[in-house]
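Here the structure comes first, spelled out in C-alpha cells, and everything after it is commentary.
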Amino acid sequence: MIDFTLLFAVLFGIVVLLILILRFKIQAFIALLIGSILVGVLAGMEPQVIIKTMQEGMGSTLGFVAVVVGLGAMFGAILEHSGGAESLATFLLSKFGEKRSSWALMLTGFIVAIPVFFDVAFIILVPMIYALQRKTKKSLLLYGIPLLAGLAITHSFIPPTPGPVAVADIVKADLGWVIFFGFLTGIPTAIVCGPLFAKYIAKKIHIDAPELQVSTDEQKTFPSVVIIISIIAIPILLIILNTLLNSPLIGEKMVSKKILEWLGMIGHPFSALIIANIIAWYTLGIRRGFTKDKLLNITTQSMGPAGIIILLTGAGGVFKQMLVNTGAGEMLANYFSNAGVSILLFAFIAAALIRILQGSATVAMITAAGLTSPLLAETISEPKKALIVIAIASGATILSHVNDSGFWLVSKYLGLSEKQTFKSWTVMTSLLALTGFLTSSVLALFF
C-alpha cells in the first residue's frame with residue numbers, strides 16, 4: 001500500500017536536491033543535507049528526531065568510508081608522484097606492440113585507476129597516447145577511447161576507488177564480493193567500449209595529437225613495473241582472501257576461529273590499505289630518494305579531493321537513513337516487490353536518471369545507493385548486494401554530457417569539438433553503462 005504523503009516527501013526531496021545542484025549551483029554536500037531534512041519534515045518527523053537521524057546516517061557511513069577513501073587517496077598519490085603509472089603504461093605498450101596498443105592502453109587504464117583518481121590518471125597517461133598518434137598517424141581516438149574505458153570502468157566498479165567503496169558501505173555489501181564482480185563485469189565491458197568501439201569511432205572521426213612541445217627536463221626514471229603491479233595487488237588480494245576465508249566454502253571447519261579472526265583483521269580494507277601505504281611509502285618513496293618531508297607533503301595534499309568525497313558520502317548516508325527512519329524505504333520496497341520490479345533494475349535506473357540530470361557520477365552513485373539501500377531485504381545474499389553496487393555504478397556512468405566535468409576534460413585533452421565529444425565519449429559512457437548492467441544482470445541469475 002502506497003502512503004502518498006511519504007511518496008511525496010521522497011520525490012519532493014529529490015526534486016529540491018536536483019534544483020539546488022543544477023539551478024543554484026549549491027555544493028552537492030549541502031544539497032543532499034537539505035534534501036534529507038525536507039524528506040523528514042514532509043514525512044512528519046519531530047525536529048529533534050530529524051537531527052538525530054542526520055547524525056546517525058553521517059556517523060554510521062563515515063566510520064568506514066572516511067578511512068578507506070583517505071588511505072586510498074594517499075596510496076594513489078605516492079604511486080602517481082613516483083612515476084608508477086607511466087612505468088606500467090610503457091611496459092604494457094612495449095609488450096603488446098603497436099598493433100595491439102589499444103588493448104594495452106585499456107589494460108593500463110584498468111589497472112592504474114585502482115589506486116589513482118580517474119582525472120589524475122588520465123592526465124598522467126595522456127602523453128602516451130599523444131606519442132602513439134604521432135608515430136602511427138591514426139586517429140587519437142583509437143588510443144584515447146580504450147584508455148578512458150579502462151579508467152572509467154575501474155573507477156566505477158572496483159574498490160578501493162571511492163565510488164564503489166561508498167556505495168558498498170551504504171548498501172552494506174562485502175568489498176571482496178564487489179571487487180570480484182567488478183572484475184567479472186569490468187573485463188567484457190572494457191573490451192566492448194574500449195578497443196572494439198575505438199576501432200569503429202576512429203574511422204569516423206580523425207583527431208591528431210597536439211604539436212610536440214620539446215622539454216629540456218632530464219629523462220625521468222621510472223620504478224620497476226613488477227614493484228608497481230605487486231604494490232597495487234597487495235590490498236586487493238588481502239581483501240579478497242579475507243572474503244574467501246570467511247565464506248561458506250572454507251569457514252571454521254578448515255581454519256581455526258582464532259586464525260580466521262587475525263586473518264580477518266589483516267584482510268580488512270583498513271589494514272590492507274595501511275600495509276599497501278607503508279610499502280609504497282618506503283619502496284616508491286624513501287628508496288627512490290624522496291625525502292620524508294616531500295612524502296608528507298604528497299600525502300597531505302591528497303587529502304583535499306578525498307575530503308570532498310568523504311563528505312558527499314556522509315551526506316548520502318544521511319539521505320539513506322532518513323528514508324529508513326521515516327518508513328519510506330520499507331514502503332517503496334513493498335511496492336516494487338508487489339509490482340515485480342527488479343531491485344537491480346531500480347538501482348540502475350535511479351543512478352542513471354540522477355547522473356543524466358546533474359552530471360556527477362559520484363553524486364549519482366551515492367544518491368542512488370541511499371534510495372536503494374532501504375529496499376533491500378535482510379535475507380538478500382552478499383553476492384546479490386555486490387551486484388546491486390555494480391548496477392548502481394553502471395547507471396551512474398551513463399550519458400556523460402555538458403553537465404559532467406569529465407566531458408570537458410576529455411574534450412580539452414583530446415582536442416575534440418562538443419559534437420565529436422558527444423559522438424565518442426558520450427556514446428562510450430552509455431555503452432559502458434548498458435554493458436555493465438547487462439553483464440551484472442546475467443551474473444545475478446547464477447548467484
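Computation of the quantities below employed the complete heavy-atom set of this structure, encompassing side-chain atoms and omitting hydrogens, waters and symmetry-equivalent molecules.
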Q: Please confirm whether the backbone N or O of Thr189 pairs with a side-chain atom of Thr435, one donor and one acceptor, at under 3.5 Å?
A: no

Q. Does Thr421 reach the main-chain N or O of Ser411 with its side chain, forming a donor-acceptor pair under 3.5 Å?
A. no

Q) Would you call Trp281 and Thr299 a side-chain contact if the rule is heavy atoms closer than 4.5 Å? A) no

**Q.** Parallel, tilted or perpendicular, as decided by the 30° and 60° cut-offs, for the rings of Trp177 and Phe447
**A.** perpendicular

Q: Could you tell me which non-hydrogen atom of Val65 sits nearest to which non-hydrogen atom of Ala166, and how far apart they are?
A: CG2-CA, 4.1 Å

Q. What is the ring orientation for His155 with Phe118, classed by angle as parallel under 30°, tilted 30 to 60°, or perpendicular over 60°?
A. tilted

**Q.** Side-chain donor/acceptor of Ser430 to backbone N/O of Leu399, under 3.5 Å
**A.** yes

Q) Does the side-chain contact (heavy atoms from CB on, under 4.5 Å) test come out yes or no for Ile114 and Phe110, once each step is laid out? A) CA-CA 7 Å; Ile114 294 171; Phe110 200 87; 5.6 Å; no

(Q) Using the side-chain contact (heavy atoms from CB on, under 4.5 Å) definition, which of the options Thr429, Leu148, Leu432 pairs with Cys193? (A) Leu432

(Q) Using a 6.0 Å cut-off, check whether atom CZ of Phe270 has over 12 heavy atoms from anything other than its own residue. (A) yes

Q: Measure the CG-CE distance between Asn277 and Met74 for me, rounded to the nearest 0.5 Å.
A: 5.0 Å

Q: Could you tell me whether a side-chain N or O of Arg287 sits under 3.5 Å from a main-chain N or O of Tyr282, the two making a donor and an acceptor?
A: no

Q: Would you please name every residue forming a ring-ring contact (aromatic ring centres under 6.0 Å, His included) with Phe346, sequence neighbours left out?
A: Phe336

Q) Going through the distances and angles, do Ile14 and Leu371 end up as a side-chain contact (heavy atoms from CB on, under 4.5 Å)? A) CA-CA 10 Å; Ile14 294 170; Leu371 284 168; 3.8 Å; yes

Q. Which heavy atom of Thr300 sits nearest a heavy atom of Leu296, and at what distance?
A. OG1-O, 2.6 Å

Q. Looking at Ile129 and Gly144, what are the two nearest heavy atoms and their distance?
A. CD1-CA, 3.8 Å

Q. Distance-only, no hydrogens or angles: does the Ser342 side chain make a donor-acceptor pair with backbone N or O of Leu344 under 3.5 Å?
A. yes

Q | Contact check, side chains of Phe319 and Ile170, non-hydrogen atoms, under 4.5 Å | A | no

(Q) Show, in sequence, the C-alpha distance, side-chain angles and deciding distance for Phe91 and Ile228, and conclude whether the side-chain contact (heavy atoms from CB on, under 4.5 Å) test is met. (A) CA-CA 11 Å; Phe91 171 78; Ile228 296 302; over 6 Å; no

**Q.** Any Val318 side-chain heavy atom under 4.5 Å of Gln55 side chain
**A.** no

Q: Using modelled atom types only, decide if a donor and an acceptor are shared between the side chain of Gln321 and the backbone of Glu56 within a distance under 3.5 Å.
A: no

Q.
Is it the case that the side chain of Asp169 and the backbone of Phe64 share a donor-acceptor pair, with hydrogens and angles ignored and the cut-off at 3.5 Å?
A. no

Q) Within the side chain of Ser156, is there an N or O that forms a donor-acceptor pair under 3.5 Å with the backbone of Ile153? A) no

Q) Could you go step by step and tell me if Lys385 and Asp174 meet the side-chain contact (heavy atoms from CB on, under 4.5 Å) rule? A) CA-CA 8 Å; Lys385 284 183 186 176; Asp174 181 89; over 6 Å; no

Q: Compare all side-chain heavy atoms of Val112 with those of Thr154 and state whether any distance is below 4.5 angstrom.
A: no

Q) Heavy-atom distance under 4.5 Å between the side chains of Ile234 and Ile275, does that happen here? A) yes

Q) Are any of the side-chain heavy atoms of Tyr130 and Val126 separated by less than 4.5 Å? A) yes

(Q) Using side-chain heavy atoms (C-beta onward) and a distance below 4.5 Å, is Ile239 in contact with Leu273? (A) no

Q.
Closer than 3.5 angstrom, by distance alone: can the side chain of Thr397 be matched with the main-chain N or O of Ser394 as a donor-acceptor pair?
A. yes

Q) Considering only heavy atoms from C-beta outward, does the side chain of Ile232 approach that of Leu79 to under 4.5 Å? A) yes

Q | With sequence neighbours excluded, residues passing ring-ring contact (aromatic ring centres under 6.0 Å, His included) with Phe422 | A | Phe407

Q. Counting only heavy atoms not in Lys172, do more than 12 sit closer than 6.0 Å to its NZ atom?
A. yes

Q) Is it true that a side-chain atom of Thr61 and a backbone atom of Met58 form a donor plus acceptor pair closer than 3.5 Å? A) no

Q) Between Trp425 and Ser400, do the side chains contain an N or O donor and an N or O acceptor separated by less than 3.5 Å? A) yes

Q.
Please check if the number of heavy atoms outside Lys384 that lie under 6.0 Å from its NZ is greater than 12.
A. yes

